[in-house]
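Here's the structure, in structure tokens; my notes come after.
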Amino acid sequence: MPEHSHQLAAILFADIVGYTAMMQENEEAAVEKINRFREVVELVAEELNGKIIQYYGDGSLLLFQSSTDAAEFAKLLQEDLQNEPRVPVRIGIHMGDVLVHSGNIFGDVVNIASRIQALAPVGGIYISEMVYRNIANKKELESVFIREEKLKNVKIPVRIYEILTAGSQPFVHHPASADEPLLTSTLAKSIAVLPFANLSSDPEQDYFSDGLTEDIITQLSKIRAYKVISRTSVMQYKNSPKSIKQIGKDLGVALVMEGSVQRHGDQVRITAQLINAITDEHIWADSYDRPLIDIFSIQREVALAIAAVLNTTLSHKETRELDYIPTSDLQAYDYYLRGKLLMENRNKTDLLTAREHFTQAVNLDKTFAIAYSGLADTYLLSSFRGYEDPVMTLWQAKKHIDTASSLDSFSGETQASLGYWYFQSFDWHAAEITYRRSISLNANQSNVYLWLAILLQAKGEHEEALKVYDMGAEINPMWDFLLKNKIIALVNNNNKEAALELQQKLIDKAPSGGQLKRKRYEELSRLYWTFNDKEEAIAAAKKSGDLGLIKFYTDGDHSLLEKRQDDHYNNFRLRSEYISQFWMGLDYAHAGAREKALECFNNAIALKEAGIALLLIRDFEFLNIKYLSMALITRKVKQLINF
């Protein structure tokens, strides 16, 4: 390259976001990030013939001979920096005439690229219209229009586009007031679908409107660009007086969908609208008056309409998945909805009723794959929770999983069921592989994140388990069972403050004066007891109203706790109900009845009850049972497992 020359070039600025704050917080970690940033910049630039003009503090300036090379560099850089240790970077690219002089570059194109970079969100790549025109036909470099911007010291407004990456999806810009944050590309792909209102004259049709909500969530979650909140977390907002803005804030989403459904005979009317939860602006709305048989087409149309309004380009795989119709039998679908909603409650009565509904569904449609998966899950959940004999339930579950797999081997739900079956069969190596395959097929299954995290905890991989819990909480932030297990993981990872904070959040969201609130205070008291904070443990126990706990803390006497469990299981025996040795042992362990607990645990191991895997997780709720005394028990459990 001559010492003095004019040339057409693509100029790229890349900048680490918040580097100064990083240095102040942890200088060593900040240096590690900038070194990683420069290492990746140099590696990728060499591959794509990019010239590094200079590094400036926490950023870099590069020159490329073509817009395509610059755009490919930006995309590869951002995707690589999403891996751990993550480096938060924003990128801006412009193309035009530059003056190259003694290794430096000059010209308006440099200033414009710098201004564009400053507008980009964390993880985003903003480009000018000049660059966009040059890459518009490159399928691997999908990009969309963001807005027209008046840049400082630039006379003509610049049209800005964003290149899509796995870590950054664009959103149509809507102005926000001074006290409202702008929608960043990362936040804008997050959606909560509130429970659709049942406008039918029959209140028993609630299951149908709730099921429709679940199915629209499922359809939207097939679009990989979106984070869609699970039904378990949105259901608490059914008939809620909270504003859309507050709900969006609670759930950590930028978009909220709400609607209604009215079913009459073989006709259905559905209305839906999408709202910007930050500005409270309505983005899209539509209504559908159709025969009930068109219900799956309506769900697909809603998902496609949202994709269109959010400028989301769908892959062939995503389009194919949206086209998939699980059953053509509406009565079978009706039974499936009833079963799925009941199964979420996890108690024995509802699980058995759900099983009846799933059985009716598959009897009506022998090709209904996800109904077979649902049927299998009723047996798996019943087995793990100690409601029925695991020998019988695991055999039944596997039979239905095999049928579901033969009908749809690429179903995320079926792979989830298979992974859970492997876990309960003590083949954890196969279980972990299958759980991860299930997530890759359907990333919106919060139950799979829970199951995988429990497996990792039991293996002693506490940090990895916490990462998986966080992934599950992203899509199901209000699911109490996931949060309760995450607290145990935090305790085992010696993160006392985070565990206490999360437990307090569970207490705050429980209804005042109810049994759940008292239960949450009981859990808090045990948590404090684990941390050797007797005073706080007693204070929380008093709020729970648990006289047995108070007596134990003050006098060391666990007789009331033990008697409570004696009475409970004597009632089971009087009713001739199945009793799980593991769960009975866990209850006695929580009551501080050491000998009874150990006897039950040994019996559970002999019977190979699935729940014994939990004994490998250090449990803060145990009273008077030291883990040194559990050494023989855990050794026996490990002997059953294929890690």
Side-chain angles (χ1 to χ4, degrees), residues 136 139 142-146 161-162 164-166 168-174 183 185 187-196 208-209 211-231 234 253-263 267-277 281-328 330 333 337 370 408 410-413 441-445 475:
K139 289 185 178 180
E142 296 177 68
S143 52
V144 296
F145 174 71
I146 298 297
Y161 296 74
E162 183 173 21
L164 309 187
T165 69
S168 173
Q169 293 294 333
F171 182 72
V172 179
H173 172 73
H174 296 280
L183 273 176
S185 58
L187 179 62
K189 61 184 180 180
S190 54
I191 305 173
V193 181
L194 298 184
F196 274 48
F208 186 80
S209 56
L212 177 67
T213 306
E214 169 81 4
D215 282 351
I216 289 177
I217 289 171
T218 300
Q219 288 291 79
L220 287 172
S221 66
K222 291 176 181 177
I223 303 174
R224 304 298 190 269
Y226 304 152
K227 178 189 85 173
V228 188
I229 302 299
S230 291
R231 178 184 173 279
V234 299
V253 298
L255 302 167
V256 171
M257 179 187 287
E258 61 179 4
S260 63
V261 55
Q262 187 170 11
R263 180 177 175 181
Q267 292 292 124
V268 65
R269 175 179 173 80
I270 294 171
T271 64
Q273 54 187 344
L274 189 68
I275 304 164
N276 180 330
E281 179 182 1
H282 284 61
I283 299 169
W284 165 87
D286 209 341
S287 61
Y288 306 85
D289 287 285
R290 304 280 185 80
L292 190 58
I293 199 170
D294 285 345
I295 189 70
F296 299 114
S297 297
I298 297 171
Q299 294 167 9
R300 176 181 179 275
E301 288 176 35
V302 169
L304 291 175
I306 300 306
V309 78
L310 299 184
N311 291 330
T312 307
T313 303
L314 302 182
S315 67
H316 291 302
K317 181 182 178 183
E318 288 169 333
T319 303
R320 195 166 57 246
E321 289 178 351
L322 288 173
D323 288 341
Y324 177 72
I325 295 176
T327 180
S328 58
L330 287 179
Y333 175 66
L337 288 183
I370 55 175
D408 184 1
F410 293 99
S411 163
E413 292 87 342
L441 291 168
N442 181 357
N444 214 57
Q445 302 178 93
I475 58 171

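Excluded from the calculations below are hydrogen atoms, water molecules and symmetry mates; all remaining heavy atoms, backbone and side chain alike, are included.
- Residues that satisfy the side-chain contact (heavy atoms from CB on, under 4.5 Å) test with Asp286, not counting sequence neighbours, are Trp284, Tyr288.
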Item checked: Audit row: Asp215, Ile295, side chain to side chain contact (heavy atoms under 4.5 Å, CB included) steps and yes/no -> CA-CA 10 Å; Asp215 282 351; Ile295 189 70; over 6 Å; no
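- The two residues Ala307 and Leu314 make their nearest non-hydrogen contact at CB-CD2, 4.1 Å.
- Taking CD1 of Ile270 as the reference point, atom CG of Leu212 lies at 4.5 Å (rounded to 0.5 Å).
- Residue Thr213 holds its OG1 atom at 6.5 Å from CD1 of Ile217, rounded to the nearest 0.5 Å.
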Note to self: What verdict does the side chain to side chain contact (heavy atoms under 4.5 Å, CB included) test give for Ser230 and Asn444, after you've listed the backbone C-alpha separation in whole Å, the side-chain angles of each residue and the deciding distance to 0.1 Å?
What the structure shows: CA-CA 7 Å; Ser230 291; Asn444 214 57; 4.2 Å; yes
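- In terms of heavy atoms, Val234 sits closest to Pro195 at O-CD, 3.4 Å.
- Rounding to the nearest 0.5 Å gives a distance of 10.0 Å between CD of Gln273 and CG of Leu194.
- Note: Glu413 CD to Asp408 CG = 8.5 Å, rounded to the nearest 0.5 Å.
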Next item on the list: Please assess Ile306 against Ile191 for the test side chain to side chain contact (heavy atoms under 4.5 Å, CB included), listing each intermediate value before the final yes or no.
Entry: CA-CA 10 Å; Ile306 300 306; Ile191 305 173; 4.2 Å; yes
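- Interatomic distance, Leu304 CG to Thr312 OG1, rounded to the nearest 0.5 Å: 11.0 Å.
- Residues Ala254 and Ser190 come closest through the heavy atom pair N-OG, 3.1 Å.
- Scanning both residues, Ala303 and Gln219, for their nearest heavy atoms gives CB-CB, 4.1 Å.
- Distance check: Asp289 CG to Ile298 CD1 gives 8.5 Å after rounding to the nearest 0.5 Å.
- Pairs of residues two or more places apart, or lying in two chains, that qualify as salt bridge (charged side-chain N to carboxylate O under 4.0 Å, His left out) and include a residue from residues 312-321 are Arg224-Glu321.
- Residues Gln267 and Pro291 are in side-chain contact: their nearest non-hydrogen atoms beyond the backbone lie under 4.5 Å apart.
- Residue pairs that meet the ring pair (Phe, Tyr, Trp, His ring centres under 6.0 Å) test with at least one member in residues 297-327, sequence neighbours left out, do not exist here.
- Contact detail for Leu274 and Leu255: the closest heavy-atom pair is CD1-CB, 4.2 Å.
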Next item on the list: Please step through side chain to side chain contact (heavy atoms under 4.5 Å, CB included) for the pair Gln262 and Thr271, ending with a clear verdict.
Entry: CA-CA 9 Å; Gln262 187 170 11; Thr271 64; over 6 Å; no
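- Contact detail for Leu337 and Gly211: the closest heavy-atom pair is CD2-CA, 3.6 Å.
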